[in-house]
2 protein chains.
Amino acid sequence: MNIENTKAQMKKGVLEFCILSILSHGENYPSEIIEKMKEAKLIVVEGTLYPLLMRLKNDGLLSYRWEESTSGPPRKYYKLTPVGEQFLKELDTTWKELVEAVNKTTNRTSQNG
Amino acid sequence: MNIENTKAQMKKGVLEFCILSILSHGENYPSEIIEKMKEAKLIVVEGTLYPLLMRLKNDGLLSYRWEESTSGPPRKYYKLTPVGEQFLKELDTTWKELVEAVNKTTNRTSQNG
DNA sequence: TGTAGTACCTTGTATCACATAGTACTAAAA
DNA sequence: TTTTAGTACTATGTGATACAAGGTACTACA
């Protein structure tokens, strides 16, 4: 048992939320997403991001378009669908509730019996 | 893909933190922990809690003592070990960093190229 | 002996992040 | 054309974890 493992576990479910949030500000292709996550101190690797994007796309939360690149293979630019935007709103609420719940258990003793 | 599933995923790793926090305020037996989590709107079931407590105990973060009960079988009262207290401090930092990281990706656009 | 309530424990499943390896496109050099 | 380097997308296998479902065991009461 170590902190790194726990940190990885805490990230589960949160990545989805972060990625949708990033895409809610505009189109991005995977490498850009990884870069923006890194800026926020959330390290994500390709093996994590690609399956996640595929999952979100298959569930109708994301759509993408191909765009040629002058420095390599074409890129997949992802963006939110209306369903994705709705889902993001719910995730936002879910996240806030979780933060509040964690704060309750960690700050307060709740020793009332 | 639904919110409930995502909620379950977000809880991963966070439960450990919450349980250690609750126990940092004093001894508790599993049913009490479930009750306190429920008060904070974090629903945890036995099948989740028992293996988790056992894991934390095997890793030296928790210890327990048996206590007789007048209303059923004896109870296992868990409490933090010194190692557990140290680990909790690190988890506290980890959690704060995660919250900050998520807030960065969700509030700011970070559109700088 | 039987029933209800409480408490602890185990097994199997689904999901997810990650390590690792592979495929494919562009550009530059031989 | 072939080779090498860089960029980008994809697939497979592993470990960790929350949960559903079922099981065991103790106490109190009829």
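From a predicted model like this one, the values you see are computed outputs, not experimental measurements. Here is how names work: the chains are called A, B, and so on, in the same order as the sequence lines, proteins then strands, and each is numbered from 1.
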Sidechain-backbone polar pair: S69(A) side chain, P74(A) backbone, donor-acceptor under 3.5 Å:
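No: the side chain of S69(A) does not pair with the backbone of P74(A).
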State which residues pass side-chain hydrogen bond (donor to acceptor under 3.5 Å, both in side chains) with T93(A); sequence neighbours excluded, sorted by chain then number.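 In terms of side-chain hydrogen bond (donor to acceptor under 3.5 Å, both in side chains), with neighbours along the sequence ignored, T93(A) is linked to no residue.
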Nucleotide [N], atom [atom2] - distance to [atom1] of [X] in whole Å:
X: K7(B); N: dC19(D); atom1: NZ; atom2: P; value: 12 Å
X: K38(B); N: dC19(D); atom1: NZ; atom2: P; value: 13 Å
X: I34(A); N: dC9(D); atom1: CD1; atom2: P; value: 9 Å
X: E4(A); N: dG15(D); atom1: CD; atom2: C1'; value: 16 Å
X: L49(A); N: dT7(D); atom1: CG; atom2: C1'; value: 15 Å
X: Y78(A); N: dA8(D); atom1: OH; atom2: P; value: 14 Å
X: R75(B); N: dT27(D); atom1: CZ; atom2: P; value: 13 Å
X: L98(A); N: dA18(D); atom1: CG; atom2: P; value: 12 Å

Using a strict cut-off of less than 4.0 Å between a Lys/Arg side-chain nitrogen and an Asp/Glu carboxylate oxygen, indicate whether R55(A) and E16(A) qualify as a salt bridge.
->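 Yes, R55(A) and E16(A) are salt-bridged.
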Given a cutoff of under 4.5 Å between side-chain heavy atoms of I, L, V, M, F, W and Y, with clusters grown through shared members, what are the other residues clustered with [X]?
X: Y77(B); value: Y29(B)
X: I43(B); value: none
X: Y50(A); value: none

- prompt: Got a sec, which pairs hit salt bridge (Lys or Arg N to Asp or Glu O under 4.0 Å) with one end in residues 41-51 of chain A, sequence neighbours left out?
  reply: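 Listed once each, the pairs would be none.
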Please collect all salt bridge (Lys or Arg N to Asp or Glu O under 4.0 Å) contacts where either partner lies in residues 70-90 of chain A, sequence neighbours excluded, each pair once.
->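 Of all non-adjacent pairs touching residues 70-90 of chain A, none passes salt bridge (Lys or Arg N to Asp or Glu O under 4.0 Å).
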- Item | Partner set under side-chain contact (heavy atoms from CB on, under 4.5 Å) for K7(A), not counting sequence neighbours |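 For K7(A) the side-chain contact (heavy atoms from CB on, under 4.5 Å) partners, ignoring immediate neighbours, are I3(A), E4(A), T94(B), E97(B).
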Practice item. Scan residues 62-72 of chain A against DNA chain C and write down, sorted by residue number, each residue with any heavy atom closer than 4.0 Å; if none is found, say none. Key: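 Those residues are T70(A), G72(A).
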Would you mind telling me which of dT17(D), dC9(D), dC16(C) lies closest to the side-chain atoms of Q9(B)?
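Of the options given, the side chain of Q9(B) lies nearest dC16(C).
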Task: Nucleotide nearest K76(A) when distance is taken to its side chain, options dC8(C), dC9(D), dA16(D) - done: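 Ranking dC8(C), dC9(D), dA16(D) by closest atom to the K76(A) side chain puts dC9(D) first.
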Can you find a side chain N or O atom of N5(A) that sits less than 4.0 Å from OP1 or OP2 on dT17(D)?
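So the side chain of N5(A) is within the cut-off, an N or O lying under 4.0 Å from OP1 or OP2 of dT17(D).
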* Are OP1 or OP2 of dA11(D) and a side-chain N or O of Y50(A) less than 4.0 angstrom apart? ->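 Result: no.
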For nucleotides 17-20 of chain C, list the nitrogen or oxygen atoms of the protein found under 3.5 Å from its nitrogen or oxygen atoms, one pair per line.
{"from": "dA17(C)", "atom 1": "OP1", "to": "G13(A)", "atom 2": "N", "distance (Å)": "3.4"}
{"from": "dC18(C)", "atom 1": "OP1", "to": "K11(A)", "atom 2": "NZ", "distance (Å)": "2.8"}
{"from": "dC18(C)", "atom 1": "OP2", "to": "T48(A)", "atom 2": "OG1", "distance (Å)": "3.0"}

